[in-house]
Amino acid sequence: MSTDLIRLSDDMLNSQYQILFPNGIPGGGSGDNIALRMDQPIQIPRESVGEYDIYYKGMKITKTSMLEDTDKHITIQVRIDQQWAVFEDIKNWKRLVHDPINGTRLPFASINCPILFQALDGSQAVKQTCTLSQCVIKEFEVTSFEPNGTDPSRVEMNIIYQTSDWA
Amino acid sequence: MSINISNDAIKALKTTADALGILNEGGRIALSLQDLQQKNNFEVVLYPGAISLDPMQLGTAVLDSAITKLYLQSIDINFNSLEFDNADTVKYVKSIVRPETITLHFIETELSLVRNYLQMWKNEVYYADPLSISYYVFRDNQEACKKNAIVTPMMGIGLPSLGAIKLEGLKPKEIEAISLDQGSSDPMIISQVCFVDKVDWMTPTNFLV
């Protein structure tokens, strides 16, 4: 057992990761700028399948169903720059998905993009990648302003995706 | 007045209950090991009831399985029932009552694929002819438009389960009222109600008939 533990090597640290938008973000925005200005924790949703209960003489039997139950939402917070360039990119993406001014939206193929979360080891090599495919921005919100605030302003994006795959 | 039951008696009683409960435990374990059929795991194969060289019918024949594979969301199936006559306290079977209709619920795409397919199928029954006195003209061969379907519940591993249902003689009757709502975020659902000649579970003997 001790040799197995040595073979498994050091722990994965949760600060060693990077986020990539390999195809940029729809609308021509800079995925790199968004990735570099993230400084808040990110929670990748748990992969889940539905469940149901059946009873036998009062005893409950809980079984997994074949209905996917993953909450396919992810929240990303990004610091806003003084040129508001990052905000404009995010806003433009949302306008492609749905424009509240004229009620239009573009076809799905043109409004989605993949997002990669990569866990890195001590030598910055990629050890594991979570690919969120067909991500679409659903909502965004600028965090509140306050007279005695010392934190940078942030924009919070809520993104929905189709599949998540770890490899 | 309280009754004191000794711990030994309680333990003896529990031992007896455990022994009698082995059957229950066995039932629970047997049931927990079963894979129950999921309502959401099914395939429907729709195909023409008769071979026809009519281009209209060939058109829908080509689309039958593609449309049902991708866009069919749910299907409501009624089975045969028996009609009884009462003679005092005894019931005698009088006749078989066959189901009248089967309803297929489709989601629609922005390219109107489902609507066009259902319109093509309806045109195999009757079509609009503005030059005709009656405007709508019924086709001479009313049997050629009938389709059959095999509804197969699937196992989790991807194989068909053993209880398929065969629907014979599906013919479009009506499309249920379509709901369009300015405040809704749901996709459009089109429900096609079809006449059906025969509904039956597929047993080896039925399959060969």
Side-chain angles (χ1 to χ4, degrees), chain A residues 26-27 46-75 93-112 133-141 157-165, chain B residues 14 16-44 69-75 105 107-115 151-164 180-188:
Chain A
R46 64 181 63 188
E47 196 176 300
S48 175
V49 69
E51 64 180 56
Y52 61 95
D53 298 326
I54 51 176
Y55 292 87
Y56 180 75
K57 302 241 172 119
M59 294 177 282
K60 185 166 82 170
I61 302 167
T62 300
K63 293 177 74 71
T64 53
S65 72
M66 285 191 67
L67 200 66
E68 192 178 9
D69 195 32
T70 305
D71 176 22
K72 296 189 173 183
H73 294 77
I74 185 166
T75 302
W93 185 12
K94 166 62 176 57
R95 292 288 186 265
L96 300 180
V97 175
H98 178 259
D99 192 330
I101 308 298
N102 55 31
T104 59
R105 69 149 194 217
L106 293 193
F108 182 75
S110 58
I111 59 173
N112 74 87
S133 69
Q134 296 179 315
C135 300
V136 175
I137 186 168
K138 176 179 177 288
E139 56 193 17
F140 68 91
E141 179 187 51
M157 299 191 282
N158 198 348
I159 291 172
I160 58 176
Y161 63 93
Q162 297 307 311
T163 58
S164 65
D165 192 22
Chain B
K14 180 69 174 85
T16 307
D18 285 346
L20 293 172
I22 281 178
L23 283 176
N24 280 356
E25 189 178 346
R28 176 183 62 78
I29 292 171
L31 196 52
S32 69
L33 291 174
Q34 304 286 330
D35 294 312
L36 299 185
Q37 182 64 57
Q38 299 290 298
K39 274 173 68 171
N40 59 30
N41 203 6
F42 65 95
E43 291 283 347
V44 176
K69 176 84 175 167
L70 287 178
Y71 305 116
L72 180 65
Q73 288 289 284
S74 64
I75 181 169
H105 303 278
I107 46 170
E108 176 61 298
T109 70
E110 286 183 350
L111 298 175
S112 304
L113 292 177
V114 173
R115 273 169 279 174
V151 181
T152 310
M154 301 293 285
M155 297 187 198
I157 56 173
L159 291 174
S161 71
L162 299 175
L180 298 170
D181 182 350
Q182 303 245 357
S184 171
S185 61
D186 295 330
M188 186 172 168

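Chain identifiers are assigned alphabetically (A, B, ...) following the order of the sequence lines, protein sequences preceding nucleic acid strands; residue numbering begins at 1 within each chain.
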Nearest-0.5 Å distance, CG of residue B:Leu31 to CD1 of residue A:Ile61
4.0 Å

Determine yes or no for a side-chain-to-main-chain donor-acceptor pair under 3.5 angstrom, with A:Lys63 supplying the side chain and B:Gln34 the backbone.
yes

Does CG belonging to A:Asn158 count more than 12 external heavy atoms closer than 6.0 Å?
yes

Working to the nearest 0.5 angstrom, can you tell me the gap between B:Met154 CE and A:Met66 CE?
9.5 Å

Show the nearest heavy-atom pair for residues B:Asn24 and A:Met59, with the distance to one decimal.
O-CE, 3.5 Å

Nearest-0.5 Å distance that lies between atom NZ in B:Lys39 and atom CG in A:Leu67:
11.0 Å

Gap between atom CZ of A:Phe108 and atom CD of B:Glu110 - 0.5 Å precision:
12.5 Å

NZ/A:Lys60 to CZ/B:Arg28 distance, rounded to the nearest 0.5 angstrom?
13.0 Å

Taken to the nearest 0.5 Å, the spacing of A:Tyr56 OH from B:Ile29 CD1 works out to 11.0 Å

More than 12 heavy atoms of other residues, nucleotides or ligands under 6.0 Å from CD of B:Gln37: yes or no?
yes

Above 12 or not: heavy atoms from other molecules or residues under 6.0 Å from CG of B:Leu162?
no

